[in-house]
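If you read the sequence from its start, that first residue is 1, and numbering goes on from there.
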Amino acid sequence: MEKGTVRGEPMERALAEARAAAARGEVPVGAVILREGAVIAAAGNRTLERRDPTAHAEILAIRAACATLGSERLIDCDLHVTLEPCAMCAAAISFARLRRLYWGCDDPKGGAVESGPRFFAQATCHHAPEAYGGFRERECAELLRGFFAARRR
(Lines give C-alpha, C1' and ligand atoms only; values in the text may rest on other atoms or scores of the structure.)
Protein backbone atom coordinates (compact mmCIF):
# COMPACT_ATOMS: atom_id res chain seq x y z
CA MET A 1 0.00 0.00 0.00
CA GLU A 2 1.42 3.40 -0.93
CA LYS A 3 2.19 5.71 1.96
CA GLY A 4 -0.48 8.30 2.61
CA THR A 5 -3.26 6.32 0.93
CA VAL A 6 -4.36 4.15 3.84
CA ARG A 7 -8.16 3.98 4.07
CA GLY A 8 -9.23 7.32 2.63
CA GLU A 9 -6.61 9.62 4.08
CA PRO A 10 -7.01 9.37 7.84
CA MET A 11 -3.69 11.22 8.08
CA GLU A 12 -5.46 14.30 6.68
CA ARG A 13 -7.82 14.17 9.66
CA ALA A 14 -4.85 13.69 12.01
CA LEU A 15 -3.18 16.73 10.40
CA ALA A 16 -6.37 18.75 10.93
CA GLU A 17 -6.31 17.78 14.61
CA ALA A 18 -2.63 18.80 14.78
CA ARG A 19 -3.38 22.18 13.17
CA ALA A 20 -6.18 22.75 15.67
CA ALA A 21 -3.77 21.92 18.50
CA ALA A 22 -1.28 24.47 17.13
CA ALA A 23 -4.05 27.09 17.00
CA ARG A 24 -4.59 26.45 20.73
CA GLY A 25 -0.87 26.93 21.37
CA GLU A 26 -0.26 23.21 21.84
CA VAL A 27 2.49 21.20 20.16
CA PRO A 28 0.83 20.26 16.84
CA VAL A 29 0.26 16.53 17.08
CA GLY A 30 -2.98 14.91 15.97
CA ALA A 31 -4.28 11.37 16.20
CA VAL A 32 -7.18 9.43 14.69
CA ILE A 33 -8.43 5.92 15.47
CA LEU A 34 -10.30 3.91 12.86
CA ARG A 35 -12.34 0.77 13.15
CA GLU A 36 -13.50 -0.95 9.98
CA GLY A 37 -12.45 2.14 8.02
CA ALA A 38 -14.55 4.58 10.08
CA VAL A 39 -13.17 7.22 12.44
CA ILE A 40 -14.25 6.42 16.00
CA ALA A 41 -11.98 8.93 17.78
CA ALA A 42 -9.80 11.91 16.96
CA ALA A 43 -7.78 14.27 19.14
CA GLY A 44 -4.97 16.76 19.23
CA ASN A 45 -2.55 17.54 22.04
CA ARG A 46 -4.10 19.29 25.04
CA THR A 47 -1.33 19.14 27.66
CA LEU A 48 -1.32 22.91 28.28
CA GLU A 49 -5.08 23.35 28.18
CA ARG A 50 -5.69 20.52 30.63
CA ARG A 51 -2.51 21.06 32.61
CA ASP A 52 -1.96 17.35 32.16
CA PRO A 53 1.33 15.92 30.87
CA THR A 54 -0.50 12.78 29.74
CA ALA A 55 -2.92 14.66 27.45
CA HIS A 56 -1.06 13.67 24.28
CA ALA A 57 -3.14 13.25 21.14
CA GLU A 58 -2.69 9.47 21.13
CA ILE A 59 -3.76 9.08 24.77
CA LEU A 60 -6.82 11.28 24.28
CA ALA A 61 -7.81 9.40 21.13
CA ILE A 62 -7.35 6.03 22.86
CA ARG A 63 -9.50 7.16 25.80
CA ALA A 64 -12.23 8.39 23.45
CA ALA A 65 -12.16 5.20 21.36
CA CYS A 66 -12.38 3.03 24.48
CA ALA A 67 -15.35 5.07 25.70
CA THR A 68 -17.04 4.77 22.29
CA LEU A 69 -16.57 1.00 22.18
CA GLY A 70 -17.13 0.39 25.89
CA SER A 71 -13.89 -1.59 26.11
CA GLU A 72 -10.31 -1.12 27.24
CA ARG A 73 -9.17 -3.12 24.20
CA LEU A 74 -9.00 -1.72 20.67
CA ILE A 75 -8.03 -5.00 19.03
CA ASP A 76 -9.49 -4.33 15.59
CA CYS A 77 -8.57 -0.63 15.48
CA ASP A 78 -5.81 1.35 13.80
CA LEU A 79 -4.15 4.54 15.05
CA HIS A 80 -2.90 7.27 12.72
CA VAL A 81 -0.76 9.96 14.34
CA THR A 82 1.30 12.81 12.89
CA LEU A 83 4.42 12.18 15.01
CA GLU A 84 6.17 9.00 16.09
CA PRO A 85 4.76 8.13 19.53
CA CYS A 86 6.77 8.67 22.72
CA ALA A 87 7.34 5.89 25.27
CA MET A 88 4.20 6.80 27.25
CA CYS A 89 2.02 6.68 24.15
CA ALA A 90 3.69 3.50 22.87
CA ALA A 91 2.86 1.83 26.19
CA ALA A 92 -0.77 2.96 25.93
CA ILE A 93 -0.92 1.67 22.34
CA SER A 94 0.39 -1.68 23.54
CA PHE A 95 -1.99 -1.94 26.51
CA ALA A 96 -4.95 -0.95 24.29
CA ARG A 97 -3.93 -3.75 21.90
CA LEU A 98 -4.25 -1.55 18.82
CA ARG A 99 -3.87 -3.57 15.63
CA ARG A 100 -1.85 -1.11 13.53
CA LEU A 101 0.02 2.14 14.06
CA TYR A 102 0.75 4.62 11.27
CA TRP A 103 2.71 7.81 11.91
CA GLY A 104 3.84 10.81 9.91
CA CYS A 105 7.32 11.94 10.87
CA ASP A 106 9.92 10.35 13.08
CA ASP A 107 10.83 11.93 16.41
CA PRO A 108 14.57 11.31 16.91
CA LYS A 109 14.50 13.10 20.28
CA GLY A 110 11.34 11.72 21.92
CA GLY A 111 10.07 8.89 19.73
CA ALA A 112 9.95 5.35 21.04
CA VAL A 113 8.94 3.20 18.06
CA GLU A 114 11.86 3.45 15.61
CA SER A 115 13.79 6.03 17.61
CA GLY A 116 15.03 5.85 21.19
CA PRO A 117 13.97 2.80 23.20
CA ARG A 118 12.07 1.01 20.40
CA PHE A 119 9.32 0.11 22.84
CA PHE A 120 7.58 -2.55 20.75
CA ALA A 121 10.82 -4.49 20.29
CA GLN A 122 11.35 -4.90 24.04
CA ALA A 123 10.83 -8.32 25.61
CA THR A 124 8.60 -6.71 28.25
CA CYS A 125 6.17 -5.29 25.67
CA HIS A 126 2.76 -6.94 26.10
CA HIS A 127 1.54 -6.37 22.54
CA ALA A 128 3.24 -4.91 19.48
CA PRO A 129 1.04 -3.49 16.73
CA GLU A 130 2.03 -3.56 13.11
CA ALA A 131 3.89 -0.24 12.85
CA TYR A 132 4.53 1.92 9.78
CA GLY A 133 6.13 5.35 9.61
CA GLY A 134 6.55 8.03 6.99
CA PHE A 135 2.94 8.82 6.06
CA ARG A 136 2.76 12.41 4.76
CA GLU A 137 6.07 12.83 6.50
CA ARG A 138 7.02 16.16 4.93
CA GLU A 139 3.72 17.83 5.88
CA CYS A 140 3.85 16.53 9.42
CA ALA A 141 7.46 17.63 9.89
CA GLU A 142 6.85 21.07 8.36
CA LEU A 143 3.92 21.67 10.69
CA LEU A 144 6.12 20.95 13.71
CA ARG A 145 9.09 22.94 12.39
CA GLY A 146 6.89 25.95 11.65
CA PHE A 147 5.29 25.82 15.09
CA PHE A 148 8.61 25.74 16.93
CA ALA A 149 10.22 28.36 14.64
CA ALA A 150 7.36 30.75 15.44
CA ARG A 151 7.81 30.16 19.18
CA ARG A 152 11.53 31.01 18.97
CA ARG A 153 10.88 34.40 17.34
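Minimum interatomic distance between C86 and A112 (heavy atoms only, all atoms of both residues): C-CB, 3.5 Å. For G44 against E17, the heavy-atom pair with the smallest separation is N-OE1, 3.6 Å. Closest heavy-atom contact between A43 and A57: O-CB, 3.6 Å. Smallest separation of non-hydrogen atoms from A90 and P85: N-CB, 4.2 Å.
One finds the CZ atom of R153 at 13.5 Å from the CZ atom of F148 (value rounded to the nearest 0.5 Å). To the nearest 0.5 Å, atoms CD (E137) and CE (M11) are separated by 10.5 Å. Atoms CG and NE2, from L34 and H80 in turn, are 4.5 Å apart once rounded to the nearest 0.5 Å. The distance from the CD atom of E139 to the CZ atom of R19 is 6.5 Å, given to the nearest 0.5 Å. I40 CD1 to L74 CG: the interatomic distance, rounded to the nearest 0.5 Å, is 6.0 Å. Taken to the nearest 0.5 Å, the CG atom of L69 stands 10.5 Å off from the CD1 atom of I75.
With hydrophobic clusters built from ILVMFWY side chains whose heavy atoms lie under 4.5 angstrom apart, L101 does not share a cluster with V32. Linking ILVMFWY residues whenever their side-chain heavy atoms come closer than 4.5 Å, directly or via other members, places I93 and F119 in the same cluster. Under the 4.5 Å side-chain heavy-atom criterion for Ile, Leu, Val, Met, Phe, Trp and Tyr, F120 and I33 are members of the same hydrophobic cluster. Cluster annotation: V113 and L144 are assigned to the same hydrophobic cluster (Ile/Leu/Val/Met/Phe/Trp/Tyr, side-chain heavy-atom contacts under 4.5 Å, transitive).
The side-chain heavy atoms of R100 and P129, taken from C-beta on, include no pair separated by under 4.5 Å. Residues M88 and E58 form no side-chain contact, since every pair of their non-hydrogen atoms from C-beta on lies 4.5 Å or further apart.
Side-chain atoms of N45 never come within 3.5 Å of backbone atoms of P28 as a donor-acceptor pair (strictly under, hydrogens ignored). Formation of a donor-acceptor pair under 3.5 Å by the E26 side chain with backbone atoms of T47 is found in this model. T82 places no side-chain N or O within donor-acceptor distance of the main-chain N or O of A14, the cut-off being under 3.5 Å. Judged by distance alone, the side chain of T68 and the main-chain N or O of A64 form a donor-acceptor pair under 3.5 Å. A side-chain donor-acceptor contact under 3.5 Å links H127 to the backbone of L98. The main-chain N or O of F95 is found under 3.5 Å from a side-chain atom of R73 such that the two form a donor-acceptor pair.
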Quick one, V81 with C89, criterion side chain to side chain contact (heavy atoms under 4.5 Å, CB included). Give me CA distance, side-chain angles, the key distance, then yes/no. CA-CA 11 Å; V81 62; C89 293; over 6 Å; no
Working note: L83 + C140, criterion side chain to side chain contact (heavy atoms under 4.5 Å, CB included); need CA distance, chi angles, decisive distance, verdict. CA-CA 7 Å; L83 181 65; C140 294; over 6 Å; no
* side chain to side chain contact (heavy atoms under 4.5 Å, CB included) between H56 and V29, worked out -> CA-CA 8 Å; H56 288 198; V29 177; over 6 Å; no
Side chain to side chain contact (heavy atoms under 4.5 Å, CB included) between T54 and R63: does it pass, once the steps are laid out? CA-CA 11 Å; T54 70; R63 288 175 181 162; 3.4 Å; yes
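Note on D52 versus R46: no salt bridge recorded, every NZ/NE/NH1/NH2 to OD/OE distance being 4.0 Å or above. A salt bridge is defined here as a Lys NZ or Arg NE, NH1 or NH2 lying under 4.0 Å from an Asp or Glu carboxylate O, and R13 with E9 fails to meet this definition. E84 and R118 are not joined by a salt bridge, as no carboxylate oxygen comes within less than 4.0 angstrom of a charged side-chain nitrogen. Between R99 and D78 there is a salt bridge, since at least one side-chain N of the basic residue sits less than 4.0 Å from a carboxylate O of the acidic one.
Under the ring pair (Phe, Tyr, Trp, His ring centres under 6.0 Å) criterion, Y132 pairs with Y102, sequence neighbours left out.
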